[in-house]
Amino acid sequence: MPSSVGTGLNPEQQQAVEYRGGPLLVIAGAGTGKTRVIVHRIASLIDSGVPANRILAVTFTNKAAEEMRKRIDALVPGQASKIWAHTFHAFAARMLRKHASAAGLHPHFTVYDAADQKRIITETLKEVGLVNEKSKAGLYVSVISRAKDDLLDAESYAIHAMTQPDSFRETVAKVYTRYQKKLDSAGGVDFGDLLLKTAHLLKNDERVRSYYQEFFREVLVDEYQDTNHAQYVITKTLAAKHRNLCVVGDPDQSIYAWRGAHIRNILEFESDFKNAKTVKLEQNYRSTPNILNAAGAVILNNRQRHAKSLWTEAPEGDPVEVEELSDERQEAKYVVRRVVDLVDHGASLKDIAVFYRTNAQSRSFEEALSLAQLPYRVVGSVRFYERKEIKDVLSYARAALNPADSVSLSRVLNVPARGIGKSAEEALKIFARDAGLTLRDALSHPEAAATLSPSGRRGARELAHVLDRLSADFAVLSPSEAMNAAMQRSGYWDWIENAVETDPEAAGRLGNLQELLNALKEFEEAQGEDADLSRFLEEVALQSGADGYDASQPAVTLMTVHLAKGLEFPAVFVTGLEEGLFPIQAGNASAEEVEEERRLCYVAMTRAEKRLFLTHAASRRLFGRAYSNLPSRFILEARLFSREEGPKRELDESPEPRTQEFVEPDRTFEQGDRLRKIKRGMLVRHPEFGEGKIVDFSGAGEALKVTIHFRNGKTAKLLARFAPLFPA
DNA sequence: TTTTGATAACTTTTT
DNA sequence: GTTATCAAAA
């Protein structure tokens with residue numbers, strides 16, 4: 001971090017570290033030494049006698065928690081591991097694990113991730129008879145998850161739906177109720193439940209509540225601008241007694257409203273907590289003035305915003321560069337060229353990051369970088385624990401550990417194939433339901449299932465046997481041995497191994513399984529005696545994309561803008577800055593949504609220390625189709641354009657060698673002194689509609705029509721002969 | 001029942 | 001351009 005300040009803190013940081021008078025809000029702009037303040041504050045609390053195990057520090061990712069521990073350990077050795085440093089979700093899981101029976105949960109309850117959630121919802125939709133809604137499973141998942149974030153359980157949601165009759169809400173209420181029943185009977189929780197059930201536990205169980213209110217002497221919450229209602233309630237409840245609550249955040253970096261975060265939590269902190277003290281950190285130690293000015297100019301366009309400005313003592317630095325490329329392949333080639341350039345000038349690959357709005361964009365960069373033989377790492381796209389083979393064997397482990405977990409069990413009923421096909425699965429489930437058995441118990445008594453085929457019966461018996469053996473194994477084996485047993489006894493390992501000759505991907509799968517075993521061995525070493533498989537499974541479910549990548553490896557970092565939050569790099573490329581992509585959905589986005597996109601762009605830009613490059617492509621291929629996009633409004637807002645009229649500042653030296661790669665004949669038409677020659681991708685001006693870009697043609701000669709995307713978001717198809725088009 | 005092949009649906013962002 | 005889903009063939 002800021003080596004410029006040595007070990008000292010500036011006066012505001014000092015104040016934030018030392019304040020002891022109750023609720024404290026630290027508004028920490030990008031790069032103002034936020035983590036440093038939290039770390040020093042915790043160290044100082046410990047110094048002044050607060051027991052480390054009575055401090056709760058909530059972070060946004062597991063990686064951030066780990067990082068925090070490491071830095072605290074350097075200041076007050078031996079104490080860091082005692083601190084409750086977790087993400088909200090991991091903290092909630094810890095609480096629920098400890099008070100499982102009070103919370104009405106199985107002690108080995110399963111944490112279902114987003115993919116599990118979607119599967120269960122799809123199944124629920126089928127059961128409720130909404131077969132044609134199946135493709136909307138994602139929508140239901142998000143509506144239900146948002147409800148949970150707002151602490152609306154199925155019952156409350158149903159009441160809420162009744163007060164405002166609306167058929168969609170009623171349907172959701174029905175699906176929600178049924179979905180929840182499934183989770184409850186499987187003894188599982190989804191992400192939302194972790195928070196909701198913790199909030200309920202604290203609310204309804206007086207003993208638990210007062211115990212923790214007394215226990216946690218200090219509560220600190222990082223990235224407070226991204227907390228949702230459930231997290232807010234948990235925080236407020238825990239801090240109610242001692243009132244030693246310190247929240248840190250930056251409203252300009254709130255980028256998770258779509259996930260239920262309420263920016264008002266931070267904006268209204270002072271009215272929520274009487275006599276709260278606010279400290280603002282505005283001195284930036286990360287970026288050059290050129291970078292800060294550009295980012296500041298962008299965020300200035302948000303209306304929903306508290307005034308704040310960052311300043312720095314750093315020298316001006318290199319100009320921010322903007323480059324338009326013809327398509328995403330050229331964009332990737334450009335990035336590679338500049339990366340090579342940076343490396344030639346002494347940069348290390350690990351100093352360089354490429355950000356994009358959507359995961360799908362990583363592809364072209366990966367191709368270009370490997371072509372150039374430059375090592376890179378993609379953070380968070382296809383996560384290890386989301387791979388099919390990994391999820392399958394984990395499901396065996398979950399099913400063996402928690403006999404009620406029919407969700408995990410039904411995932412692996414017939415993987416590898418053992419004669420339990422679609423109809424057999426159906427028969428088993430109906431039998432289980434009618435007989436009042438769990439799916440697992442039903443497997444043990446297949447002879448009683450009337451409609452089950454002979455092969456289904458054989459398969460069921462076989463699987464029941466596997467699970468019984470595994471449950472017995474698990475009682476005596478270490479986590480890695482247990483997982484190995486799951487792979488062997490289920491026949492999964494052999495199944496993949498046998499496929500190696502025919503399936504080119506099988507070898508990789510086998511490698512992944514081996515890697516999982518290695519991860520478990522590492523986990524055992526780290527945890528020592530009390531290494532426990534269900535603990536491992538929980539950690540896995542709560543892993544974030546940002547977790548577990550090694551930042552010290554010499555490789556270019558590729559990641560989405562969301563994952564970049566909290567990180568910093570000497571050189572940053574923010575790519576795909578186009579209307580419709582970043583901001584996404586430019587046309588039909590609400591003002592709030594555009595403001596969130598703008599904050600996202602601000603976050604991306606402020607990650608850069610020394611060099612910042614912004615790129616956009618005139619045309620971009622998506623699902624095989626090419627789309628033409630205008631440069632993002634954020635580029636214009638950054639005021640980096642070298643246009644005659646604009647204020648002259650940080651310019652690309654080369655005036656404008658726009659690389660136009662389209663080899664397409666110019667179209668011509670007769671028309672007074674107006675524009676006569678038009679070209680795809682060309683910027684034009686229309687007296688009524690303003691500036692726009694030509695994206696398509698049809699017809700020829702007198703009937704030549706042009707399709708233009710205008711900056712105001714409108715698209716028009718005009719007859720070239722009549723349209724008053726002028727050069728932009 | 002399982003495998004294969006066709007087709008449709010999809011992409012924001014993630015704890 | 002890929003992955004999930006569904007229908008037909010083995």
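Protein chains get the first letters and strands the later ones, always in sequence-line order, with residue 1 at the start of each.
B:dT13 has its base stacked against the ring of A:Trp258, the centroids being under 5.5 angstrom apart at an interplanar angle below 30°.
The side chain of A:Asn359 lies closest to B:dT13, out of B:dT13, B:dT12, B:dT1. Residue A:Arg363 has its side chain nearest to C:dG1 when only B:dT1, C:dG1, B:dT12 are considered. Which of B:dT15, B:dT12, B:dT1 sits closest to the side chain of A:Leu563 comes down to B:dT15. Listed nucleotides B:dT14, B:dT15, B:dT1 differ in distance to A:Ser453; the shortest reach to its side chain belongs to B:dT1.
Aromatic ring centroids of A:Phe355 and A:Phe613 lie 6.0 Å or more apart.
Of the two residues contacting DNA chain B, namely A:Ser423 and A:Glu597, the nearest-nucleotide position lying further toward the 5' end is that of A:Ser423. Nearest-nucleotide positions on DNA chain B place A:Gly456 closer to the 5' end than the other of A:Gly456 and A:His89.
Note: A:Phe60 and A:Tyr256 have tilted aromatic rings, judged against thresholds of 30 and 60 degrees for the angle between ring planes.
Nucleotide B:dT12 is matched to nothing when pairs are restricted to Watson-Crick or G-U wobble geometry with both distances under 3.5 angstrom.
The residue A:Asp113 sits apart from the nucleic acid: no heavy atom pair falls under 4.0 Å.
In terms of heavy-atom proximity, A:Ala30 sits nearest to A:Arg607 at CB-NH2, 3.8 Å.
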